[in-house]
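These notes concern the structure reproduced below.
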Amino acid sequence: MLNFKSALAACVVALPFAVSSAEAADPVCEMDRPIVFAGLDWDSNAFHNSVAQFIAEKGYGCETDVIPGSTIPLLNGMARGDIDVTMEIWPDNVTEALAEGQERKQFVDLGVNFPDATQAWFVPKYLVEGDDAPAKGLKSVADLPKYKDVFADPEEPGKGRFYNCIAGWGCEVINSKKLNAYKLNDSYVNFRPGAGAALAAVIESNIRRKKPILFYYWGPTWVMGKVADDLVQLEEPAYNKEIWDELSNETDPSKVTRAVAYPLSATHVYVNTEFHEKAPKLVEFLTAYETTSNDISKALAFMQDTGGTTDDAAIEFLKINEELWTDWVPADVAERVKAAL
């Protein structure tokens with residue numbers, strides 16, 4: 001015979017509106033203060049912050065904050081303990097600072113965020129695919145002299161136009177050296193738009209109107225999010241570190257005689273050591289966090305098209321990529337995040 005407490009418990013279990021344990025239990029954050037993210041000054045990092053903050057707040061019951069700045073000051077802040085999490089570290093760009101911080105046990109590498117940051121030379125598919133394509137047969141940089149008329153420069157007859165980066169950017173210097181190494185200066189104008197927005201606009205406009213264009217670009221960016229499916233990457237000699245270092249270190253572009261493809265870059269998630277020790281559940285989530293360049297480019301394109309913020313893009317990303325991010329977290333955390341969405 002059931003006693004009163006047992007009978008009452010049986011009734012509660014049978015009630016149709018009984019809540020799950022995940023819904024009933026308010027999550028308790030492992031940190032007794034806001035988690036501080038590095039607010040690096042580019043959109044893809046801000047997007048990752050927004051995704052991770054939403055999950056940390058809604059799934060783990062944490063408060064979060066962001067300190068804005070550039071790479072080295074914020075890396076120093078993480079070493080001091082002022083920053084808990086940096087979602088997008090590019091190891092190739094800050095090799096010495098990372099090595100020093102890890103040697104001093106000031107921060108911990110949680111692994112790859114996205115493995116495929118891309119830089120390359122591109123042409124639209126409609127120029128090279130199909131029997132009547134005007135540049136049918138164009139596959140590599142070595143083929144470009146044969147197709148200079150397809151990419152005719154309006155201001156310099158007899159040459160094609162190559163859309164480079166903005167003057168002064170690192171990629172503009174590398175591309176200028178590549179043009180010399182590939183012996184393309186006699187057949188192509190090294191055109192440098194006046195601003196990043198101008199380069200993005202001419203790429204989007206020409207592709208939308210199916211016009212010829214040869215250009216350098218990189219991802220993840222909103223441009224690649226909108227046009228990547230319409231592009232062909234031109235083949236270059238395979239990346240070789242020795243040749244790349246030679247290419248990078250030579251200050252006179254006219255002296256560069258060898259070039260290779262850009263290296264494929266991976267970005268990493270880093271946390272400071274104190275956070276790593278105090279928040280193992282959050283560390284487990286951030287270690288599992290992994291995206292692709294294409295994921296991010298599409299999120300940035302969403303922002304460009306809608307005028308939305310990185311928070312808006314994060315919510316859209318979480319809504320349409322449930323199979324991806326639910327693998328980063330335990331089931332109860334995933335349920336709370338889905339409920340918040």
Side-chain angles (χ1 to χ4, degrees), residues 8-39 43-67 83-88 110-114 220 222 225 269-271 275-276 278-341:
L8 180 60
C11 289
V12 170
V13 170
L15 287 174
F17 50 81
V19 296
S20 69
S21 59
E23 293 169 322
D26 289 332
V28 178
C29 186
E30 294 169 302
M31 302 296 287
D32 58 2
R33 57 166 178 77
I35 303 166
V36 181
F37 286 79
D43 283 344
S44 58
N45 179 80
F47 164 72
H48 288 301
N49 279 354
S50 291
V51 173
Q53 286 178 270
F54 192 93
I55 292 174
E57 292 172 3
K58 308 303 183 185
Y60 290 90
C62 299
E63 296 181 12
T64 69
D65 198 0
V66 176
I67 294 179
I83 302 289
D84 295 308
V85 183
T86 306
M87 292 299 297
E88 194 175 311
L110 297 188
V112 172
N113 177 337
F114 59 94
W222 70 261
V269 178
Y270 274 74
V271 297
F275 179 85
H276 187 266
K278 287 187 174 181
K281 293 179 182 177
L282 288 162
V283 165
E284 186 177 3
F285 150 53
L286 292 169
T287 301
Y289 188 109
E290 186 167 356
T291 60
T292 68
S293 181
N294 188 54
D295 292 332
I296 304 155
S297 290
K298 290 189 180 304
L300 300 180
F302 171 84
M303 291 168 55
Q304 177 71 15
D305 288 341
T306 64
T309 65
T310 57
D311 289 343
D312 298 327
I315 290 172
E316 178 70 8
F317 170 83
L318 291 168
K319 284 180 177 178
I320 65 177
N321 291 284
E322 185 176 304
E323 289 186 4
L324 172 64
W325 67 262
T326 50
D327 283 343
W328 303 341
V329 296
D332 61 325
V333 173
E335 289 306 313
R336 286 192 289 267
V337 173
K338 285 190 280 187
L341 289 170

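Of all non-hydrogen atoms in Ala38 and Asn49, the two that sit nearest each other are O-ND2, 3.0 Å. Minimum interatomic distance between Pro220 and Ser297 (heavy atoms only, all atoms of both residues): CA-OG, 3.1 Å. When all heavy atoms of Met87 and Leu286 are compared, the closest pair comes out as SD-CD2, 3.9 Å. Between Pro330 and Tyr60, the closest heavy-atom pair is CD-OH, 3.5 Å. Ser50 and Thr310 make their closest contact through OG-OG1, 2.9 Å (heavy atoms, listed as atom of the first residue, atom of the second, distance). Closest approach of Thr326 and Ala334 over heavy atoms only: CG2-CB, 4.0 Å.
Residue pairs meeting the ring-ring contact (aromatic ring centres under 6.0 Å, His included) criterion with at least one partner in residues 318-341, sequence neighbours excluded, are Tyr289-Trp328. Residues in residues 314-327 take part in these salt bridge (Lys or Arg N to Asp or Glu O under 4.0 Å) pairs, two or more places apart or across chains: Glu322-Lys338. Residues in residues 288-314 take part in these salt bridge (Lys or Arg N to Asp or Glu O under 4.0 Å) pairs, two or more places apart or across chains: Lys226-Asp305.
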May I have the step-by-step check of side-chain contact (heavy atoms from CB on, under 4.5 Å) for Val269 and Thr287, ending in yes or no? CA-CA 8 Å; Val269 178; Thr287 301; over 6 Å; no
Test side-chain contact (heavy atoms from CB on, under 4.5 Å) on Ile35 and Leu282 and set out the steps. CA-CA 10 Å; Ile35 303 166; Leu282 288 162; 3.6 Å; yes
side-chain contact (heavy atoms from CB on, under 4.5 Å), that's the test. Do Ile296 and Phe114 meet it? Break it down for me. CA-CA 9 Å; Ile296 304 155; Phe114 59 94; 3.2 Å; yes
Kindly indicate, with the supporting measurements, whether the criterion side-chain contact (heavy atoms from CB on, under 4.5 Å) is fulfilled by Phe37 and Asn45. CA-CA 10 Å; Phe37 286 79; Asn45 179 80; over 6 Å; no
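Counting heavy atoms from C-beta outward, Leu110 and His276 have side chains that approach closer than 4.5 Å. No side-chain heavy atom of Cys29 sits less than 4.5 Å from a side-chain heavy atom of Glu63.
No donor-acceptor pair under 3.5 Å is formed between the side chain of Glu88 and the backbone N or O of His48.
Considering only residues two or more places apart in sequence or on other chains, Lys281 meets the side chain to side chain donor-acceptor pair (under 3.5 Å) condition with none of them. Remark: Phe54 pairs with no residue by the ring pair (Phe, Tyr, Trp, His ring centres under 6.0 Å) rule, at least two apart or across chains. Phe275 is linked by a ring pair (Phe, Tyr, Trp, His ring centres under 6.0 Å) to nothing, counting only residues two or more places apart in sequence or in another chain.
Note that the CG atom of Asp43 and the CH2 atom of Trp222 stand 11.5 Å from one another [nearest 0.5 Å]. Atoms NZ and CE, from Lys278 and Met31 in turn, are 6.0 Å apart once rounded to the nearest 0.5 Å. For the atom pair OG1 of Thr64 and CD1 of Ile55, the computed distance is 12.0 Å after rounding to the nearest 0.5 Å. For the atom pair Phe302 CZ and Ile320 CD1, the distance stands at 8.5 Å (nearest 0.5 Å).
A salt bridge is defined here as a Lys NZ or Arg NE, NH1 or NH2 lying under 4.0 Å from an Asp or Glu carboxylate O, and Asp84 with Arg33 meets this definition.
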